[in-house]
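Just the heavy atoms: all of them, side chains too, but no hydrogens, waters or symmetry mates, feed the values below.
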Amino acid sequence: MSFGRASRRRFTLLAATAVAGALTLSACGDGNKAGGGGNTNFITGSGGVSTVAKADRVAAPKLDGNTLEGKPLDLADHKGKVVVLNVWGSWCGPCRLEAKYFAQVSEETKDQGVEFVGINTRDPERDKAINFEKDYGVKYPSFYDPIGKLILRFPKGTLNPQAIPSTVVIDRDGKIAARTLQALNADELRKMIDPIIAEK
């Protein structure tokens with residue numbers, strides 16, 4: 001019995017190490033990795049934002065869990081809205097650079113049916129992440145995902161988050177519409193989300 005538990009614990013640790021390793025390779029990178037080879041149906045523009053035509057989009061994975069404060073959070077509750085999903089860590093320099101812009105644009109677009117949701121990852125202590133949000137005026141909720149389990153739910157070959165920071169925009173039908181693997185300022189973020197807001 002204890003062998004089974006130890007094996008599961010070892011497997012979980014190995015899986016967590018693999019996720020952390022994969023994210024470390026691209027963590028806080030310059031975001032210039034396009035990753036659009038093969039028949040992926042997405043296009044990466046000159047600003048590093050990859051988009052998918054409405055007819056070719058795939059459903060976002062089920063993302064549910066708890067917030068940094070321990071409250072339940074389920075992405076499905078926001079279906080019918082445009083969701084801006086930002087993967088971040090309090091230790092990540094580019095995340096610090098973009099945080100104030102995300103806080104600003106989240107407030108500016110709330111009345112347009114846009115919801116911002118964070119995925120906080122690789123922060124072993126919630127307090128640092130909570131303080132990060134306070135310092136930068138981030139009022140929207142973030143999943144607490146210290147080992148990156150939620151990130152692994154994105155299907156391969158889609159606009160999945162592959163770096164920290166990453167931003168994924170989900171359309172009103174719950175489908176993945178756009179992604180960037182770099183930090184954004186307010187103008188760049190609006191250029192990414194405004195076309196999806198305008199969709200009918």
Side-chain angles (χ1 to χ4, degrees), residues 19 22-65 75-76 78-79 81-89 92-95 97-99 101-103 105-106 109 112-122 138 140-143 145 148-199:
V19 170
L23 289 173
T24 299
L25 291 174
S26 55
C28 292
D30 61 9
N32 288 331
K33 303 165 202 74
N39 188 20
T40 56
N41 293 324
F42 60 85
I43 302 163
T44 303
S46 59
V49 174
S50 302
T51 58
V52 181
K54 198 168 184 179
D56 295 325
R57 293 175 188 166
V58 299
K62 178 169 178 52
L63 297 178
D64 59 343
L75 204 62
H78 300 303
K79 195 157 184 188
K81 295 186 175 188
V82 173
V83 176
V84 179
L85 195 61
N86 179 246
V87 180
W88 64 278
C92 166
C95 300
L97 290 175
E98 73 177 4
Y101 301 119
F102 277 68
V105 175
S106 71
T109 57
Q112 295 174 280
V114 179
E115 288 290 336
F116 277 62
V117 176
I119 298 180
N120 170 259
T121 192
R122 294 184 54 211
V138 175
Y140 54 84
S142 284
F143 286 105
D145 188 31
K149 289 193 295 187
L150 293 177
I151 295 165
L152 289 177
R153 292 185 188 176
F154 281 82
K156 288 185 178 174
T158 66
L159 295 180
N160 54 331
Q162 299 171 356
I164 302 168
S166 286
T167 302
V168 175
V169 182
I170 300 168
D171 68 18
R172 289 182 182 89
D173 297 321
K175 295 183 176 181
I176 303 169
R179 175 198 67 192
T180 189
L181 304 176
Q182 61 192 24
L184 300 174
N185 64 31
D187 289 341
E188 292 163 336
L189 182 55
R190 289 304 296 253
K191 281 180 192 167
M192 183 180 183
I193 64 177
D194 282 351
I196 300 158
I197 292 171
E199 290 177 351

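- Considering only heavy atoms from C-beta on, Val49 stays 4.5 Å or farther from Lys191 through its side chain.
- Residues Asp173 and Lys54 meet the side-chain proximity criterion, which asks for heavy atoms closer than 4.5 Å.
- Taking 4.5 Å as the limit, some side-chain heavy atom of Arg172 sits within range of a side-chain heavy atom of Val82.
- Residue Gly89 comes nearest to Asn120 through the heavy atom pair CA-ND2, 3.9 Å, listed as atom of the first residue, atom of the second, then distance.
- Side-chain contact check for Arg179 versus Gln162: some heavy-atom pair is nearer than 4.5 Å.
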Passes side-chain contact (heavy atoms from CB on, under 4.5 Å), Arg190 versus Thr109? Steps please.
CA-CA 9 Å; Arg190 289 304 296 253; Thr109 57; 3.8 Å; yes
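- Leu63 is listed as a side-chain neighbour of Phe154, based on a closest heavy-atom distance under 4.5 Å.
- The minimum heavy-atom distance linking Ser166 with Leu181 is given by the pair OG-CD2, 3.3 Å.
- In this structure, the side chain of Thr121 engages the main chain of Asp145 through a donor-acceptor pair within 3.5 Å.
- Considering only heavy atoms from C-beta on, Asp64 comes within 4.5 Å of Arg153 through its side chain.
- Between Asp171 and Arg57 there is a salt bridge, with a side-chain nitrogen of the basic residue lying less than 4.0 Å from a carboxylate oxygen of the acidic one.
- Residues Asn86 and Pro165 approach most closely at ND2-CB, 4.5 Å, considering heavy atoms.
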From CA spacing to verdict: side-chain contact (heavy atoms from CB on, under 4.5 Å), Ile164, Cys95:
CA-CA 8 Å; Ile164 302 168; Cys95 300; 3.8 Å; yes
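- A perpendicular orientation is assigned to the rings of Phe102 and Phe116, their planes being inclined by more than 60° (bins at 30° and 60°).
- For Glu199 and Lys175, the salt-bridge test fails: no basic side-chain N is under 4.0 Å from an acidic carboxylate O.
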Take Ile151 and Asn160 through the side-chain contact (heavy atoms from CB on, under 4.5 Å) test and state the conclusion after the steps.
CA-CA 8 Å; Ile151 295 165; Asn160 54 331; over 6 Å; no
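- Taking every heavy atom of both residues into account, Gly65 and Phe143 meet most closely at N-CE2, 3.5 Å.
- You'll find the side chain of Val52 stays beyond 4.5 Å of the side chain of Ile176, heavy atoms only.
- Between Leu189 and Val105, the closest heavy-atom pair is CD2-CB, 3.7 Å.
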